[in-house]
Amino acid sequence: MNNMEEYVEKMGCIKKVSQANEALIATAEARLDVTFGPQLREYFLKYGGLCYESEEFFSLSTKENINSSVISETETAKDEGAKLDGFVVIYHVEDWGYALVDSEDNIYEQAYACSDPPVPTGKKLNEYIKYVFDEEKARRKEFMERSAFEDYVKAHISLPPDSERAAESVLCRAKKILGMEYNFDVECYLREYSLISYGNIHLCGLLKALGDYPNIVVETIKMRQKYPQTENLVTTEVLENEKYVVTDDDGKVLIFDGEKGEAYPTHKSFSKYYLERFEEEQKRMEK
């Protein structure tokens, strides 16, 4: 069993249709005026087509024959003006363009109806398939973690009333100051909840007015001024002994130790980290 087969089995990828055979591959190559690379041939012969959750790569199968999606999608792209000589359309990229594969299994990307040369991704077909499916798996994981966090907050935690929450202009200014363009979890937290306190856990938040609570903008600025190496981090909680819970641009949680001047990754998202903290705090309070 080769590496790609092991990956497909481990991920639980689904074969969309029956596999192709050599005769159909020859027909498709002649119709599209291309030569399939070794990985693309193996992909069609072993799988026909693959999908994982909502992500789908195009197929070539004896069941669909010349109506197979790899043929129809490539021909449609050519009809819409894309310059695809020597390329096959293998995947739609997030509703904005195509992923193309050449005769040596190199993957390129190109916007819809674009006459500019395709842009190389630096990935071969098998590597690109794994990349797309791994990204989808990560998105699904983050969605489930965020949903679990939201359910817990709704069931166990009292939130500030709407009248105390920061206006949109304040949220936008905070986002600009803190540089949260990529920190989706923290931005969602501020917009949905503004401020969360649960037992001995007091997250930094943002309300309409400054008050006796840890303000995320104030605490982050104070941390960054004291420890310049944290300039790209956002403070979500101030702990004891010069320690801070912080997040990076990807929304991953780290523990910054001011005395040591180092940040230690938790390898957890904002939602997962605080859900675990809240559950631990609930057990402590119930004792």
Side-chain angles (χ1 to χ4, degrees), residues 1-114 116-141:
M1 182 178 288
N2 66 28
N3 184 259
M4 190 62 187
E5 287 180 303
E6 291 173 355
Y7 177 84
V8 168
E9 182 176 328
K10 182 178 179 180
M11 288 287 285
C13 302
I14 298 174
K15 301 176 185 179
K16 286 291 290 183
V17 288
S18 60
Q19 299 95 321
N21 56 31
E22 291 289 354
L24 181 56
I25 285 178
T27 298
E29 288 179 319
R31 180 162 180 147
L32 299 176
D33 192 24
V34 297
T35 300
F36 294 160
Q39 290 185 11
L40 187 60
R41 290 175 63 84
E42 184 178 62
Y43 167 79
F44 289 140
L45 290 170
K46 284 187 176 179
Y47 310 114
L50 285 175
C51 72
Y52 175 76
E53 298 292 350
S54 63
E55 297 292 351
E56 177 180 349
F57 282 81
F58 299 135
S59 61
L60 181 67
S61 78
T62 53
K63 180 178 180 180
E64 296 176 336
N65 208 326
I66 61 172
N67 294 319
S68 295
S69 58
V70 73
I71 295 176
S72 61
E73 293 290 344
T74 301
E75 291 181 334
T76 298
K78 288 181 177 179
D79 290 342
E80 292 175 347
K83 304 296 184 182
L84 299 181
D85 293 343
F87 293 99
V88 170
V89 176
I90 195 66
Y91 169 75
H92 281 303
V93 185
E94 297 179 353
D95 297 325
W96 68 263
Y98 315 101
L100 315 173
V101 57
D102 67 11
S103 61
E104 296 181 350
D105 295 311
N106 297 304
I107 295 290
Y108 297 73
E109 292 181 344
Q110 185 179 47
Y112 292 139
C114 178
D116 293 337
V119 178
T121 65
K123 295 180 174 66
K124 295 285 188 178
L125 175 63
N126 287 350
E127 183 183 4
Y128 189 78
I129 291 173
K130 293 175 184 178
Y131 165 76
V132 170
F133 288 168
D134 285 345
E135 287 288 298
E136 175 66 6
K137 183 178 181 179
R139 283 193 295 270
R140 293 278 172 173
K141 179 182 177 183

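For the numbers below, each heavy atom of this structure counts, side chains included, while hydrogens, waters and symmetry mates do not.
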Answer yes or no: is there an ion pair linking R139 with E136, defined by an N-O contact shorter than 4.0 Å? yes
Would K137 and E53 pass as an ion pair if we require N to O under 4.0 Å?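 No, K137 and E53 are not salt-bridged.
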Indicate the atoms forming the closest heavy-atom contact of [X] with [Y], along with that distance.
{"X": "Q110", "Y": "W96", "answer": "C-CZ3, 3.9 Å"}
{"X": "I90", "Y": "Y43", "answer": "CD1-CE2, 4.1 Å"}
{"X": "S61", "Y": "V17", "answer": "CB-CG2, 3.4 Å"}
{"X": "S59", "Y": "S68", "answer": "O-CB, 3.3 Å"}
{"X": "R31", "Y": "I66", "answer": "NH1-CD1, 3.5 Å"}
{"X": "T121", "Y": "E109", "answer": "CG2-CG, 3.6 Å"}

Do [X] and [Y] have side chains that get closer than 4.5 Å, going by heavy atoms?
{"X": "S103", "Y": "V34", "value": "no"}
{"X": "V89", "Y": "K78", "value": "no"}
{"X": "H92", "Y": "E73", "value": "yes"}
{"X": "E22", "Y": "R41", "value": "yes"}

Between F57 and Y128, what is the ring plane arrangement, given parallel below 30°, perpendicular above 60°, and tilted in between? perpendicular
Please, which pairs that meet ring pair (Phe, Tyr, Trp, His ring centres under 6.0 Å) have at least one residue in residues 15-41, sequence neighbours excluded?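 As it turns out, the ring pair (Phe, Tyr, Trp, His ring centres under 6.0 Å) pairs with a partner in residues 15-41, which skip direct neighbours, are F36-F44.
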What distance separates [X] [atom1] from [Y] [atom2], expressed to the nearest 0.5 Å?
{"X": "L60", "Y": "N67", "atom1": "CG", "atom2": "CG", "result": "11.0 Å"}
{"X": "E56", "Y": "I14", "atom1": "CD", "atom2": "CD1", "result": "10.0 Å"}
{"X": "E127", "Y": "M4", "atom1": "CD", "atom2": "CE", "result": "11.0 Å"}
{"X": "Q19", "Y": "L24", "atom1": "CD", "atom2": "CG", "result": "11.5 Å"}
{"X": "T74", "Y": "L100", "atom1": "OG1", "atom2": "CG", "result": "8.0 Å"}
{"X": "Y7", "Y": "F133", "atom1": "OH", "atom2": "CZ", "result": "7.0 Å"}

Residue that, paired with L125, satisfies side chain to side chain contact (heavy atoms under 4.5 Å, CB included) out of I107, V88, D102: I107
Using only heavy-atom distances, determine whether the side chains of E55 and Y91 contain a donor-acceptor pair under 3.5 Å.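 Looking only at side-chain atoms, Y91 and E55 do form a donor-acceptor pair, the distance falling under 3.5 Å.
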